[in-house]
Participant: 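Here it is, the structure, as structure tokens.
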Amino acid sequence: MRRVPHKPIYLFTSHTCRICMRIPVSEVTPETGRAEICGWVHEVRDLGGLVFFLVRDRSGIIQVTIPKKKVPQSVLENIRDVSRESVVRISGQVKAIDKAPGGREMVPETFELISRSASPLPLDVVEKVPADLDTRLDSRFLDARRPRVTSVFSIRSTVMRTVHEFLFQRGFINISTPKIVAAATEGGTELFPIAYFEKEAFLNQSPQLYKQMLMGAGFEKVFEIGPIFRAEEHNTTKHLNEATSIDVEVSFSDQNDVMDLLEELIVKLYGTVAGECQDALGNLEIKDFEVPKSPFPRLPYHEAIEIASAHLDEPIQYGDDIGTAAEKAIGEEMHQHYFIVDWPTEIKPYYAMPHDHDPTICKAFDLMHPRMELSSGAQRVHQHDLLVRQIASKGLNPDNFEFYLTPFRYGMPPHAGWGLGAERLVMTMLDLSNIREAILFPRDRHRLVP
RNA sequence: GCCCAGGUAGUGUAGUGGCCUAUCAUGUCGGCCUGUCACGCCGACGACUCGGAUUCGAAUUCCGACCUGGGCGCCA
């Protein structure tokens with residue numbers, strides 16, 4: 001075989017270290033002088049003797065101006081084949097120009113087409129023509145090039161980083177628990193069955209039972225951020241079949257302690273986003289980003305029902321679940337984050353601790369945003385025999401819970417915790433209309449790809 | 001699971017029986033253009049989800065399939 005002479009065109013890591021010269025577009029200022037940028041061709045405006053390229057990387061957009069009579073011949077040859085969304089590398093002099101976006105523009109000395117984009121594009125990145133969410137999700141890699149989408153996920157990243165920092169600062173241990181489990185443990189939601197060699201298995205709906213076992217292990221404060229799976233056939237803008245749960249469990253604490261922790265976290269997250277993500281919020285056209293104030297009101301369940309029944313046509317009474325219409329009515333009344341506390345024991349899971357003074361209500365709570373539920377939690381039952389009775393009272397067989405119940409016989413501390421839906425948190429924080437906007441590759445009733 | 005709405009160029013749309021050789025925008029291609037910033041102007045290209053039925057005639061009505069969005073339920 002004849003050897004084709006290798007021409008090193010794009011040696012990003014070679015001794016020439018060309019990539020080292022590249023700077024993010026947002027760092028190009030009128031004072032920069034000479035610079036090299038890499039990015040995607042966002043738009044081209046060809047005026048004849050003068051061509052404007054808008055070049056985008058994840059940090060922003062810069063105008064590259066080509067006066068045809070003044071740039072090297074090689075630049076003119078190379079721009080001929082450039083299509084929208086192609087990857088290019090450009091070096092040249094930065095000039096301060098009032099007329100240009102950002103007050104600066106680059107006039108190229110070199111202009112390389114690194115990776116040509118095919119056309120037509122599956123959707124319009126510039127968004128002169130809007131695309132349906134479904135179309136966008138089909139081509140999520142392209143959709144995610146749009147500054148507003150990049151902004152959502154950079155804010156989500158900031159939120160997740162801040163959750164880690166917040167919990168590590170308070171002495172939490174980060175854990176990872178199985179997503180493949182043996183049985184439907186919690187009841188409530190439907191589980192996805194999977195093939196696990198010769199055994200029946202499921203994808204886990206929640207790390208709940210494992211968090212509690214680790215209280216039995218003496219970890220005292222744990223958190224896990226991971227996927228949860230719900231096999232419900234819902235078709236709404238606020239449900240996913242694979243979601244991200246921020247889960248916390250704390251020993252020697254009660255429901256009030258972990259509600260305090262949760263509201264402090266929420267305030268911290270909003271505050272950090274307000275402080276660090278101004279550009280991203282700007283891309284999302286969010287001008288009045290408000291940091292919620294703690295403490296959040298703690299509304300007893302029976303009062304929540306009263307508010308709902310006063311505003312709804314359909315009857316709702318004590319003991320009913322709070323449905324969509326009730327949730328909306330109460331949210332409009334509260335007009336801020338709030339907790340619903342003191343739920344009827346009957347409609348909460350078996351692991352929620354009943355009150356001493358009135359066992360018909362329990363130490364469970366939901367954290368609500370005016371639009372929807374964000375989190376639910378409780379002080380848990382830590383007494384083995386009570387837990388067995390509660391499991392049985394829900395119509396479940398305690399024998400199936402042996403792996404979970406055993407730790408409760410060997411020194412289980414009192415404990416409390418919660419699970420917070422990450423996508424719902426981001427959705428409500430940024431006022432996104434559909435939860436699918438808050439996750440890169442949503443899994444819903446109809447979507448399994450990409 | 002129940003209910004409602006929908007499927008027309010790459011993308012987003014107009015079109016409710018003949019005037020559709022299907023509208024508009026964006027895009028792509030070609031031409032003109034040195035300060036655009038949704039650049040502008042001229043020209044071209046490109047589509048009725050599939051199958052069946054009704055009718056002289058169907059993008060349009062009916063039936064079925066497939067796909068999608070939304071509401072409710074359930075759920076976090």
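Being a predicted model, the structure only gives us computed values, none of them experimental. Hydrogens, waters and symmetry mates are skipped; everything else that's a heavy atom, side chains included, is used. So that the names make sense, note that chain A is the first sequence line, chain B the second, and so on, each numbered from 1.
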Participant: Between B/C2 and B/C56, how many Å separate the two C1' atoms, rounded to a whole number?
Facilitator: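 Between the two C1' atoms, the distance is 43 Å.
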Participant: For B/A5, what is the paired nucleotide under Watson-Crick or G-U wobble rules, both distances under 3.5 Å?
Facilitator: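 Per the H-bond distance test, B/U68.
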Participant: Whole angstroms only, please: what is the CG-C1' distance between A/L50 and B/U34?
Facilitator: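 Value for this atom pair: 5 Å.
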Participant: Of A/R145, A/R146, A/R84, which is the lone residue that meets salt bridge (charged side-chain N to carboxylate O under 4.0 Å, His left out) with A/D124?
Facilitator: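 The residue from A/R145, A/R146, A/R84 that satisfies salt bridge (charged side-chain N to carboxylate O under 4.0 Å, His left out) with A/D124 turns out to be A/R84.
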Participant: Round to a whole Å and report the spacing from CZ of A/F53 to P of B/C37.
Facilitator: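 Distance check: A/F53 CZ to B/C37 P gives 17 Å.
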Participant: Can you build the contact string for nucleotides 25-30 of chain B? Use B for base contact, S for sugar-phosphate-only contact, and - for no protein heavy atom under 4.0 Å.
Facilitator: BSSS--
Participant: I would like to know whether A/E249 and A/F219 meet side-chain contact (heavy atoms from CB on, under 4.5 Å); could you show each step before the answer?
Facilitator: CA-CA 9 Å; A/E249 203 69 30; A/F219 280 29; over 6 Å; no
Participant: On the 0 to 90° scale, with breaks at 30° and 60°, tag the A/F168-A/F223 ring pair as parallel, tilted or perpendicular.
Facilitator: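 A/F168 and A/F223: perpendicular rings.
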Participant: I'd like to know if A/K293 pairs up with A/E263 as an ion pair, taking the criterion as any Lys NZ or Arg NE/NH1/NH2 lying under 4.0 Å from an Asp or Glu carboxylate oxygen.
Facilitator: no
Participant: I want to confirm an ordering. Mapping A/E233 and A/K99 to their closest nucleotides on RNA chain B, which one lands closer to the 5' end?
Facilitator: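 That would be A/E233.
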Participant: Does B/C74 pair with anything, Watson-Crick or G-U wobble, both distances under 3.5 Å, and if so, with which nucleotide?
Facilitator: none
Participant: Which base, if any, makes a Watson-Crick or G-U wobble pair with B/C45, both distances under 3.5 Å?
Facilitator: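 Base-paired to B/G27.
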Participant: Produce a footprint string for nucleotides 4-9 of chain B: one letter per nucleotide, 5' end first; B if the base is under 4.0 Å from any protein heavy atom, S if only the sugar-phosphate is, - if neither.
Facilitator: ------
Participant: In whole angstroms, how far is the P atom of B/U36 from the CD1 atom of A/I79?
Facilitator: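 Rounding to the nearest Å, CD1 of A/I79 and P of B/U36 are 19 Å apart.
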Participant: Would you mind listing every side chain to side chain donor-acceptor pair (under 3.5 Å) that reaches into residues 414-424 of chain A, with sequence neighbours excluded?
Facilitator: A/R156-A/E423, A/Q212-A/H415, A/T244-A/E423
Participant: In Watson-Crick or G-U wobble terms, both distances under 3.5 Å, what is the partner of B/U21?
Facilitator: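 Base partner found: none.
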Participant: Rounded to whole angstrom units, what separation is found between the CD1 atom of A/I347 and the P atom of B/C75?
Facilitator: 10 Å
Participant: Establish, from distance only, whether the side-chain atoms of A/E105 and A/T65 form a donor-acceptor pair under 3.5 Å.
Facilitator: yes
Participant: Which nucleotide, in any strand shown, forms a Watson-Crick or G-U wobble pair with B/U13, with both distances under 3.5 Å?
Facilitator: none
Participant: Taking everything shown except A/D279 itself, do over 12 heavy atoms lie less than 6.0 Å from its CG?
Facilitator: no
Participant: Take atom P in B/A22 and the same atom in B/G31, then report the distance between them in whole Å.
Facilitator: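 Going atom to atom, P in each nucleotide, I get 27 Å.
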Participant: Please state the P separation for the pair B/U21 and B/U28 - nearest whole angstrom.
Facilitator: 30 Å
Participant: With respect to the side chain of A/H234, which nucleotide from B/U36, B/G35, B/C74 is positioned closest?
Facilitator: B/C74
Participant: Using the C1' atom as the reference point in each nucleotide, state the distance between B/U61 and B/G73 in Å, no decimals.
Facilitator: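 The same atom, C1', in both gives a distance of 34 Å.
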Participant: Hey, would you say the A/F365 and A/F339 ring centroids sit under 6.0 Å apart?
Facilitator: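 For A/F365 and A/F339, the ring centres are under 6.0 Å apart.
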Participant: Give a yes or no answer on whether the side chain of A/H239 reaches the backbone of A/N235 with a donor-acceptor pair at less than 3.5 Å.
Facilitator: no
Participant: Which residue, A/D366 or A/K69, contacts RNA chain B at a nucleotide closer to its 5' end, judged by nearest heavy atom?
Facilitator: A/K69
Participant: Please determine, by modelled atom types, if A/S83 and A/S117 share a side-chain donor-acceptor pair under 3.5 angstrom.
Facilitator: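 No pair is found: no donor N or O on one side chain lies under 3.5 Å from an acceptor on the other.
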Participant: What contact category does A/P130 fall into here, base, sugar-phosphate, or nothing, at under 4.0 angstrom with non-hydrogen atoms?
Facilitator: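 Since only primed, P, OP1 and OP2 atoms lie under 4.0 Å of A/P130, the category is sugar-phosphate.
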Participant: So, under a plain 3.5 Å distance rule, would you say the side chain of A/E105 forms a donor-acceptor pair with the base of B/G35?
Facilitator: yes
Participant: What distance, rounded to whole Å, do you find between the two P atoms, one in B/C48 and one in B/U8?
Facilitator: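 It comes out at 10 Å once rounded to the nearest Å.
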Participant: Ion pair present between A/D134 and A/R447, side-chain N to carboxylate O less than 4.0 angstrom?
Facilitator: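 Salt bridge between A/D134 and A/R447, a charged N being under 4.0 Å from a carboxylate O: yes.
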Participant: What is the pairing partner of B/G57, taking Watson-Crick or G-U wobble pairs with both distances under 3.5 Å in any strand?
Facilitator: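 Pairing partner, where one exists within any strand: none, as none qualifies.
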Participant: In whole Å, what is the span from the NZ atom of A/K68 to the P atom of B/U36?
Facilitator: 17 Å
Participant: Using the C1' atom in both, what is the distance from B/C24 to B/U13, to the nearest Å?
Facilitator: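 Per the computed distance, 7 Å lies between those C1' atoms.
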Participant: Classify A/A100 by what it touches in the nucleic acid, base, sugar-phosphate, or nothing, heavy-atom distance under 4.0 Å.
Facilitator: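 Counting heavy atoms under 4.0 Å across all strands, the contact made by A/A100 includes a base.
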Participant: Show which side-chain atoms of residues 324-332 of chain A pair as donor or acceptor with protein atoms under 3.5 Å away, not counting sequence neighbours.
Facilitator:
from   : atom 1 : to     : atom 2 : distance (Å)
A/E327 : OE2    : A/K238 : NZ     : 3.0
A/K328 : NZ     : A/E332 : OE2    : 3.4

Participant: How close or far is atom P of B/G12 from atom CG of A/D143, stated in whole angstroms?
Facilitator: 12 Å
Participant: Can a side-chain donor-acceptor contact be found between A/D342 and A/H355 if the only test is distance below 3.5 angstrom?
Facilitator: yes
Participant: Quick one: A/E327 CD to B/G73 C1', roughly how many Å, whole number?
Facilitator: 13 Å
Participant: Within the structure shown, what part of the strands sits under 4.0 Å from A/L374 by heavy-atom distance: base, sugar-phosphate, or nothing?
Facilitator: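 Touches nothing.
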Participant: Return the nucleotide paired to B/G40: Watson-Crick means purine N1 to pyrimidine N3 with N6-O4 or O6-N4, wobble means G-U with N1-O2 and O6-N3, both under 3.5 Å.
Facilitator: B/C32
Participant: How about A/R136 and A/V149: do any of their side-chain heavy atoms sit closer than 4.5 Å?
Facilitator: yes
Participant: Could you tell me how far B/C20 sits from B/G10 if I compare only their P atoms? Round to whole Å.
Facilitator: 23 Å
Participant: Extract from the structure each pairing of a protein N or O with an N or O of nucleotides 66-71 of chain B at less than 3.5 Å, listing the distance.
Facilitator:
from  : atom 1 : to     : atom 2 : distance (Å)
B/U68 : OP2    : A/H446 : ND1    : 3.4
B/G70 : OP1    : A/N434 : ND2    : 2.7
B/G70 : N7     : A/N235 : OD1    : 2.7
B/G71 : OP2    : A/T237 : N      : 3.4

Participant: Scan nucleotides 40-45 of chain B against the protein and return all N/O pairs shorter than 3.5 Å with their distances rounded to 0.1 Å.
Facilitator:
none

Participant: I'd like to know if the side chain of A/T32 pairs up with that of A/T29 as donor and acceptor (distance under 3.5 Å, no hydrogens or angles considered).
Facilitator: yes
Participant: Would you find a donor on one side and an acceptor on the other, under 3.5 Å apart, between the side chain of A/R298 and the backbone of A/V341?
Facilitator: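 No, A/R298 side chain to A/V341 backbone: no donor-acceptor pair under 3.5 Å.
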Participant: For the pair made of CD in A/Q63 and P in B/U34, what is the distance, rounded to whole Å?
Facilitator: 16 Å
Participant: Regarding A/I97, tell me which of base, sugar-phosphate or nothing describes its non-hydrogen contacts under 4.0 Å with the strands shown.
Facilitator: base
Participant: How many angstroms lie between atom CG of A/D444 and atom CG of A/L137, to the nearest 0.5 angstrom?
Facilitator: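 One finds 8.0 Å between CG of A/D444 and CG of A/L137.
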Participant: In whole Å, what separates the C1' atom of B/C29 from that of B/G71?
Facilitator: 45 Å
